[in-house]
S.K.: 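Before I ask anything, let me first share the structure, which is written out below as structure tokens.
Letters go in sequence order (proteins before strands), and every chain restarts at 1.
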Amino acid sequence: MEEKYLPQDIESKWQTFWQEGKTFETTVNRKLPEYYVLEMFPYPSGNLHMGHVRNYSIGDVLARFKTMQGFNVLHPMGWDAFGMPAENAAIKNAIHPAAWTAENISNMRRQLKELGFSYDWDREVATCLPDYYRWTQWLFLLFFKKGLAYKKKATVNWCNECNTVLANEQVIDGCCWRCESMVIKKELEQWFLKITDYADRLLADLKELPGWPERVKTMQENWIGRSEGAEFSFSVPELDEKIPVYTTRHDTAFGVSYVVLAPEHPLVERIIAGREEEEAVRAFVDRMRNLSEISRTATDVEKEGLFTGAYAVNPFNNERVPIWVANYVLADYGTGAVMGVPAHDERDWQFADKYHLPKRLVIQQPEGGLSIETMTGAYHDPGTIVNSGEFTGLDNETGKVAMAKWLEERGIGKRRINYRLRDWLISRQRYWGAPIPIIYCPKCGVVPVSEQELPVKLPENVRFDSGSVSPLANVADFVNCQCPVCGEQARRETDTMDTFICSSWYYMRYTDPKNTTLPFDADKANYWMPVDQYIGGIEHAILHLLYSRFFTKVLQDAGLVNVNEPFKNLLTQGMVIKDGAKMSKSKGNVVSPEEIVGKYGADTARLFILFAAPPERDLEWSDQGVEGAYRFLGRLWRIIAHYESVLSDPKAREQYDPETLTQEEKDLRRILHITIKKVTDDVGGRFNFNTAISAVMELVNALYAFRDHVTAPKPGLIYELVSSLLRLLAPFVPHVTEELWGAVIGDGSVHKQPWPVYNSEATKVSEVEVVVQVNGKVREKLVVAVDIDANELENKAMKMERIAQLIEGKKVVKVICVPGKLVNIVVK
RNA sequence: GCCGAAGUGGCGGAAUUGGCAGACGCAGCAGACUCAAAAUCUGCCGUCAGCGAUGGCGUGCCGGUUCGAGUCCGGCCUUCGGCACCA
């Protein structure tokens, strides 16, 4: 073998070897346990960044490790290939999005291959190709037929920069998730998916996901936002109208001193019509409507409102209370109207203070003594109901049940479970997405494209001007069509689907990527699904992960797959940081993976990234750390080169009796087996690749020390050690281990070898070092037989010179003996 | 405001079940090799006091439990992330 480690020479050689030998091809094999490891597929922006390298290195270690452990591993890769940047490039550089995307994919595919990831490339998918989006459209039709896709006019989030609408999940702090510009409200007719129908299951089934990080589940829980309460109506006798309100505190209904409508509430116009307040209220409503999302919803915005001039009647006590309009009531939560109970709601308290509205105490704290006059804020804790007619005297939780029952018996209200989650707005006024397969016929109305007509292909000759309608609307050939029902001239939907739809089912397509009759075959999907380990960034905690869970449930209900949840275990990897900030072009702290691979090779890049921090934490980039990883591989190479001749000795491959080893050899073998155990536990159990690698480094250090002391080692031991060492490292640094395996061990690819098994006999020791403490402080160390009994250990410790000195003249209160660990002598 | 995570040497991090704090790596210092340098191999490397043996202090802060606490309990502080007028 070469004397020096030269990654450039060996990496491309093995990449070609793996590709040509289809080393990582996978098929259904029911004789083996299956394992599906998946990393979030990338958007083909053109180049891999370090975050990708980290994400995919983590997945690759797992895939290779599980394969060596005897699992049938599915480890695919593909492209989340529809999306805005392609279209922006088209506007800017006059290149077609399809061509731009294809170029980027081929560049990034090359970069992935140069990193040596073990993907089954035969399963590659790209969501922008007709043979993929055909099935995205097919799934849309499935949703449509099940009543889960519908069109409605609604106030929606609009991004002026991206010229399109956005789903609620895609608005972050009032700004567009992609371009960070301010989101405004628009009234538009759009397509929605009825994710709210699944709100309860999406919430409840989080309990079926013990393998997900707690914080991701909490974020989804918050997002779904379930609350239990009641809905009932206040009547407006003079208009013969009703104002339904939703509340979780119907136990405080006798404390209502006003009713508030959201500015956008549909009844506002009727209520103010013809009153002297009309003009002022309308001006207020208009002002609120034109405010951005942030300035409307920030908590520090002062509550503001106006009296409408009208009154409503509280069904509980028949009291007349004023109807107000205020900025703090949200139009699209609950009923868009709330009852104001200043004494027991902090917001109502503030509002009542500002506008001098009355307050009435209806819940008394358990110890009594509360009164409006002495209160400085609302009381929202449990207590006893007061001033509430027949309900007075009940504790408030009992009161809630009784009052809900009261409403239900009279048919004027009911218990209600409410969610914060809204339906998923999926229309996008953009070209580069999957067309929504719908036709509008003047006679038949909204008509789905028939399945046989799919895919509805994107036309190629399109002008990309930035504007507020989809470029598809200007393509006459695309828009004009015939109604599939009556054959009349009809018009095609010109919006495309949110790209999050494409990524909501790709993990199932991987199980059967070339199917031309269905999105995927149920047998194949059921064999592989769910994904055993999913790996990606925390930024998708809600977006992609919630949508995918929703899709999986709908597909399960449709009988297409028999899993309830798509991702059994989820690992959210941390960011790659440099100089304390996330790598980004604007900060100028980007390190290009291609450069690192070019200089040190893929193995070094992977090793550094896996060693520098555990996967979940942020990783601080360090050029010197990369040097260190490279140095280690050189060190590995040299020590194996040192033993090349020993390994070529035919005796090296013969079985040997461990009893014939010298003490130094036994010690080395013990370190080997401890390392095998540690690496196996760290990689397979808790994904602490950093500590697994450090254990292997210690083994290599031990081997260097051994080399300096033992000139004629037993060849069988060296063989056992090197062959195990290479297999332990193979998932992390696949090229150099493949090369060394071929050079000194032989027999096929290291990646087809079984994972080393640790031998507990080999890890046993006859003597251990025990710590001797006096009053909990380490004062001495003692080497004793492992199986020494406690009394003898205690005696030995007490007799040690230093210990005897330290305890002389003092009273021994207690002696604690932990066999194999320590002796603690407590003295006074 | 609510929920969650984290806080350990000069730095990244380790300590998995309450039992030697700082594994492994980086940086630094020294030695060997060399005409020399690089590379490599070896050793040292929390902090204060001491020539040294050794001792004191030390895991964000204050307290507690325990023979023994980075780890458990109570109360804070700081940083980061999520949600945030959701009735």
S.K.: On a heavy-atom basis, which atom in A/Val329 and which in A/Gly336 lie closest, and how many Å separate them?
M.R.: CG1-O, 3.6 Å

S.K.: Taking RNA chain B as the partner, which of residues 624-636 of chain A come within under 4.0 angstrom of it by heavy atom?
M.R.: A/Gln624, A/Gly628, A/Arg631, A/Arg635

S.K.: Quick one: which of B/C41, B/C24, B/A87 gets closest to the side chain of A/Tyr246?
M.R.: B/A87

S.K.: Taking salt bridge (Lys or Arg N to Asp or Glu O under 4.0 Å) as the test, write out the residues that go with A/Arg638, two or more places apart.
M.R.: none

S.K.: Decide, yes or no, whether a salt bridge links A/Glu231 with A/Arg415 under the criterion of side-chain N to carboxylate O below 4.0 Å.
M.R.: no

S.K.: When the C1' atoms of B/C11 and B/G22 are considered, how many whole Å apart are they?
M.R.: 13 Å

S.K.: Hey, what's the ring geometry for A/Tyr5 with A/Tyr630, parallel, tilted or perpendicular (30° and 60° as the breaks)?
M.R.: tilted

S.K.: What is the distance, rounded to the nearest whole Å, between atom NE2 of A/His540 and atom P of B/G82?
M.R.: 14 Å

S.K.: Quick one: list whatever passes ring pair (Phe, Tyr, Trp, His ring centres under 6.0 Å) with A/Phe316, sequence neighbours left out.
M.R.: A/Phe232, A/Phe254, A/Trp406

S.K.: Determine the Euclidean distance between corresponding P atoms of B/G64 and B/G28; express it in Å to zero decimal places.
M.R.: 44 Å

S.K.: Pairs counted only when both distances fall under 3.5 Å, Watson-Crick or G-U: show me the 5' to 3' dot-bracket for RNA chain B, [ ] for pseudoknotted crossings and | for other-strand partners.
M.R.: (((((((..(((......[....))).(((((.......))))).((((....))))..(((((..]....))))))))))))....

S.K.: Quantified in whole Å, what is the P atom distance between nucleotide B/G74 and nucleotide B/G82?
M.R.: 27 Å

S.K.: Is it true that a side-chain atom of A/Asn327 and a backbone atom of A/Lys303 form a donor plus acceptor pair closer than 3.5 Å?
M.R.: no

S.K.: Take atom NE2 of A/His642 and atom P of B/C41, then tell me their distance rounded to the nearest Å.
M.R.: 13 Å

S.K.: Polar pairs (N or O, both sides) under 3.5 Å between protein and nucleotides 44-54 of chain B?
M.R.:
none

S.K.: What does nucleotides 1-20 of chain B look like as a protein-contact string, B for base, S for sugar-phosphate only, - for none, at under 4.0 angstrom between heavy atoms?
M.R.: --SS-------BSSSB--BB

S.K.: Any donor-acceptor pair under 3.5 Å joining the side chain of A/Lys303 to the base of B/C85?
M.R.: yes

S.K.: If the condition is side chain to side chain donor-acceptor pair (under 3.5 Å), which residues does A/Lys677 pass it with, not counting sequence neighbours?
M.R.: A/Asp681

S.K.: Indicate, with yes or no, if the rings of A/Phe611 and A/Phe632 have centres closer together than 6.0 Å.
M.R.: no

S.K.: A/Ile693 CD1 to B/A23 P: how many Å, rounded?
M.R.: 18 Å

S.K.: Could you work out which one of B/A23, B/C57, B/C67 sits closest to the side chain of A/Val826?
M.R.: B/C67

S.K.: When rounded to the nearest Å, what value does the distance between P atoms of B/G43 and B/A36 take?
M.R.: 23 Å

S.K.: Using whole Å, report how far CG of A/Asp623 lies from C1' of B/G25.
M.R.: 15 Å

S.K.: Establish, with yes or no, whether the OP1 or OP2 oxygen of B/C41 is under 4.0 angstrom from a side-chain nitrogen or oxygen of A/Tyr704.
M.R.: yes

S.K.: When rounded to the nearest Å, what value does the distance between P atoms of B/G9 and B/G58 take?
M.R.: 14 Å

S.K.: Below 30° counts as parallel, above 60° as perpendicular, anything between as tilted: where do the rings of A/Tyr355 and A/Phe351 land?
M.R.: tilted

S.K.: Just the rounded figure in Å: distance from P of B/C24 to CD1 of A/Ile674.
M.R.: 14 Å

S.K.: Here's a test of your reading of the structure: between A/Ile538 and A/Lys814, which maps to the more 5' nucleotide of RNA chain B?
M.R.: A/Lys814

S.K.: When you measure from the side chain of A/Asn396 to the backbone of A/Gly383, do you find a donor-acceptor pair of N or O atoms at a distance under 3.5 Å?
M.R.: yes

S.K.: Return the set of residues passing salt bridge (Lys or Arg N to Asp or Glu O under 4.0 Å) with A/Glu539 (not counting sequence neighbours), or none when no residue passes.
M.R.: none

S.K.: Test: side chain to side chain donor-acceptor pair (under 3.5 Å). Region: residues 611-625 of chain A. Which pairs qualify, not counting sequence neighbours?
M.R.: A/Thr572-A/Glu616, A/Trp621-A/Asp623

S.K.: Is A/Lys217 close enough to B/C83 that one of its side-chain N or O atoms is under 4.0 Å from OP1 or OP2 there?
M.R.: no

S.K.: Please report the distance, rounded to the nearest Å, between NZ in A/Lys4 and P in B/A38.
M.R.: 16 Å

S.K.: For the residue pair A/Tyr328 and A/Gln350, confirm or rule out a side-chain donor-acceptor distance under 3.5 Å.
M.R.: no

S.K.: Using the salt bridge (Lys or Arg N to Asp or Glu O under 4.0 Å) criterion, which residues pair with A/Glu228? Sequence neighbours excluded.
M.R.: A/Arg226

S.K.: By salt bridge (Lys or Arg N to Asp or Glu O under 4.0 Å), which residues pair with A/Asp682, not counting sequence neighbours?
M.R.: A/Lys678, A/Arg686

S.K.: Can you tell me, in whole Å, how much space there is between the C1' of B/C33 and that of B/U71?
M.R.: 46 Å

S.K.: Should B/G9 be called syn or anti, with syn set as within 90° of 0?
M.R.: syn

S.K.: Looking at A/Asn701, I'd like to know whether one of its side-chain N or O atoms comes within less than 4.0 Å of OP1 or OP2 on B/G25.
M.R.: yes

S.K.: Taking only the P atom of each, what is the distance from B/U54 to B/C72 in whole angstrom?
M.R.: 34 Å

S.K.: Between A/Lys354 (NZ) and B/C85 (C1'), how many Å, whole number?
M.R.: 13 Å

S.K.: Pick the C1' atom in B/U34 and in B/A21, then give their distance to the nearest Å.
M.R.: 41 Å

S.K.: Can you measure A/Arg226 atom CZ to B/A87 atom P for me and round it to whole angstrom units?
M.R.: 12 Å

S.K.: Filter on salt bridge (charged side-chain N to carboxylate O under 4.0 Å, His left out), then keep only pairs touching residues 767-777 of chain A, sequence neighbours left out; what's left?
M.R.: none

